[in-house]
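Sharing a structure, written as structure tokens. Questions coming.
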Amino acid sequence: MVRLLSLGLAAAVASTASATLTNTIVQVNATSSELTGAGFSQVGSGPFVSYQAGECAVNGCFTLAGTTAASLPAKGFMQFQFQNFINNPTYYNGLYTVLDLSYAAGYSRAGLITAINAETAITGVTAMTPELANNAAGSCSFNQWLPTDLQDSVILNWMPSTNPTTNGLSQVFTVAWNFTGVGPGFTAGITMDAVYSLPSPGALSLAALAGLGARRRRR
């Protein structure tokens, strides 16, 4: 799987459609109009919103913003923003997206993470497991607070060119994925089950953080 996934790296450099749209597995710099024009399908009718998570908010804890759906696009994107963002420099190290995926024989989470990280120089995005995903202080790994059904997800991390704003709704951020080129027979290989985004969590893994995220999944 890793070999098949990595074959697209050279092609990504040669066939970049614009300064922001790239031919990569994931990307975070393209606009919604660029993505739509390239055949990506938007998840949701507009940006999902992440909210402060209780007492932990002062350290940068926010709820998961996103969705679980019966059928999420193999080539798609989501947009998200934050309500009254708090940037605590002790813990903040960028934005995160949680991809909950299912794999058929011949595909694996480890292989997909390797393939995404082979394109980090192009995308600025690093993929990892919940055990390795953490804040800048290393005090709140994702496996400590993610709901059980997201413990086997792939976590994406990147530093946006402009940090989220503090008052009111922040600017809109966009993350896109394209699993149609990761090997033959995508529909039988990898299935997208859920996608959520949030900033790096703060020092405390309060039950409220996981609980709020879980409730949003069930809507």
ask   = Any side-chain donor-acceptor pair under 3.5 Å between T97 and S197?
value = yes

query = Does any non-hydrogen side-chain atom of F179 lie less than 4.5 Å from one of L99?
reply =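 Side-chain contact under 4.5 Å: yes.
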
message = Could you report the tightest heavy-atom contact between P47 and Q81, atom names first, then the distance?
response =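 Between these two residues, the closest heavy atoms are CB-OE1, 3.7 Å.
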
ask   = Do the side chain of Q151 and the main chain of N143 share a donor and acceptor less than 3.5 angstrom apart?
value =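 Side chain of Q151 to backbone of N143, a donor-acceptor pair under 3.5 Å: yes, one is there.
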
task = Grab the two heavy atoms, one from V154 and one from A127, that are nearest each other, plus how far apart they are.
result =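 Result for this residue pair: CG1-CB, 4.0 Å.
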
task = Is it possible for you to say whether Y51 and V58 belong to one hydrophobic cluster, with membership spreading through side-chain heavy-atom contacts below 4.5 Å?
result = no

task = To the nearest 0.5 angstrom, please state how far the CG atom of D152 sits from the OG1 atom of T129.
result = 11.0 Å

message = Donor-acceptor check, side chain of T24 to backbone of V26, threshold 3.5 angstrom: yes or no?
response =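 Checked: pair present.
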
ask   = Should W158 and V175 be marked as a side-chain contact (heavy atoms from CB on, under 4.5 Å) after you check the CA-CA gap, both sets of side-chain angles, and the distance that decides it?
value = CA-CA 10 Å; W158 73 96; V175 57; 4.0 Å; yes

query = Can you tell me if S50 uses its side chain to pair, donor with acceptor, with the backbone of A65 under 3.5 Å?
reply = no

message = Side-chain heavy atoms nearer than 4.5 Å, only ILVMFWY residues, links allowed to pass through others: does that put L64 and I86 together?
response = no

ask   = Counting only N and O atoms by type, is there a donor-acceptor contact under 3.5 Å from the side chain of Q144 to the main-chain atoms of S141?
value = yes

inquiry  = Can you confirm whether N59 sits close enough to T90 that some side-chain heavy atom of one is under 4.5 Å from a side-chain heavy atom of the other?
reply    = no

task = Say whether T20 and E34, considering side chains only, have a donor N or O and an acceptor N or O under 3.5 Å apart.
result =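 On atom types as modelled, these side chains qualify, holding a pair under 3.5 Å.
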
query = With distance as the sole test, does T120 use its side chain to make a donor-acceptor pair with the main-chain N or O of V125 at under 3.5 Å?
reply = yes

task = Please answer whether the main-chain N or O of N157 pairs with a side-chain N or O of N93 as donor and acceptor at a distance below 3.5 Å.
result =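 Judged by distance alone, no pair lies under 3.5 Å.
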
task = Would you tell me whether S153 and D100 have side-chain atoms, one donor and one acceptor, within less than 3.5 Å of each other?
result = no

message = Would you compute the distance between atom OG1 of T31 and atom CG of L35 and round it to the nearest 0.5 angstrom?
response = 6.5 Å

ask   = Is there a side-chain contact between Y107 and L101, using heavy atoms and a 4.5 Å cut-off?
value = no

message = Could you check, using the six-membered ring where one of them is a Trp, whether Y196 and F48 have ring centers closer than 6.0 angstrom?
response =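 No, the ring centres sit 6.0 Å or more apart.
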
ask   = With a 4.5 Å limit on heavy-atom distance, are the side chains of L95 and P164 in contact?
value =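 Side-chain contact under 4.5 Å: yes.
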
query = Do the non-hydrogen side-chain atoms of T68 and V195 ever get within less than 4.5 Å of each other?
reply =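 A side-chain contact is absent here, since even the closest heavy-atom pair is not under 4.5 Å.
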
inquiry  = If you compare all heavy atoms of S139 against all heavy atoms of N134, which two are closest, and at what distance to 0.1 Å?
reply    =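 Closest approach of S139 to N134, heavy atoms only: N-OD1, 3.2 Å.
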
task = Without swapping roles, check the side chain of Q171 against the backbone of N163 for a donor-acceptor pair under 3.5 Å.
result = yes

request  = Compare every heavy atom of T165 with every heavy atom of S170, then report the nearest pair and how far apart it is.
outcome  =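 In terms of heavy atoms, the two residues are closest at CA-OG1, 3.0 Å.
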
query = Rounded to the nearest 0.5 Å, how far does CD of E119 lie from OG1 of T126?
reply =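 Reported value, rounded in 0.5 Å steps: 12.0 Å.
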
ask   = Which atom pair, heavy atoms only, marks the closest approach of T123 to N29?
value =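 Minimum heavy-atom separation between T123 and N29: O-ND2, 4.0 Å.
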
task = For residues C56 and F62, determine if any side-chain heavy atom of one lies less than 4.5 Å from a side-chain heavy atom of the other.
result = no

query = In the single-linkage hydrophobic clustering (I, L, V, M, F, W, Y; side-chain heavy atoms under 4.5 Å), do L132 and L146 co-cluster?
reply = yes

inquiry  = I'd like to know if the side chain of Y103 pairs up with that of T191 as donor and acceptor (distance under 3.5 Å, no hydrogens or angles considered).
reply    =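 There is no such pair (donor and acceptor under 3.5 Å, judged by atom type) between the side chains of Y103 and T191.
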
query = Donor-acceptor pair, N178 side chain versus K75 backbone, under 3.5 Å?
reply = no

request  = Anything under 30° is parallel, anything over 60° is perpendicular, the rest tilted; go ahead and classify F82 against F80.
outcome  = perpendicular

ask   = Is there a side-chain contact between F85 and Y92, using heavy atoms and a 4.5 Å cut-off?
value =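 Heavy-atom side-chain distance check passes, below 4.5 Å.
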
ask   = For T174 and Q79, does a side-chain donor sit closer than 3.5 Å to a side-chain acceptor?
value = yes

query = With distance as the sole test, does Q42 use its side chain to make a donor-acceptor pair with the main-chain N or O of M78 at under 3.5 Å?
reply =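 Judged by distance alone, no pair lies under 3.5 Å.
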
key: Residues D193 and S102: side-chain donor-acceptor under 3.5 angstrom   = yes

ask   = Does any non-hydrogen side-chain atom of L156 lie less than 4.5 Å from one of W177?
value =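 Counting from C-beta outward, W177 and L156 never come under 4.5 Å.
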
query = Nearest 0.5 Å, what's the CG-OH distance between N135 and Y96?
reply =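 Rounded to the nearest 0.5 Å, the CG-OH separation comes to 7.0 Å.
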
request  = Rounded to the nearest 0.5 Å, what's the gap from CD1 on I25 to CD1 on I122? Could you check?
outcome  = 10.0 Å

message = Looking at Q52 and N84, would you say the former's side chain and the latter's main chain have a donor-acceptor pair under 3.5 Å?
response =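 Answer holds: yes.
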
Derivation and outcome, side-chain contact (heavy atoms from CB on, under 4.5 Å), residues C140 and Y91 = CA-CA 9 Å; C140 190; Y91 308 112; over 6 Å; no

inquiry  = Could you report the tightest heavy-atom contact between P201 and C61, atom names first, then the distance?
reply    =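 The answer is C-SG, 4.5 Å.
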
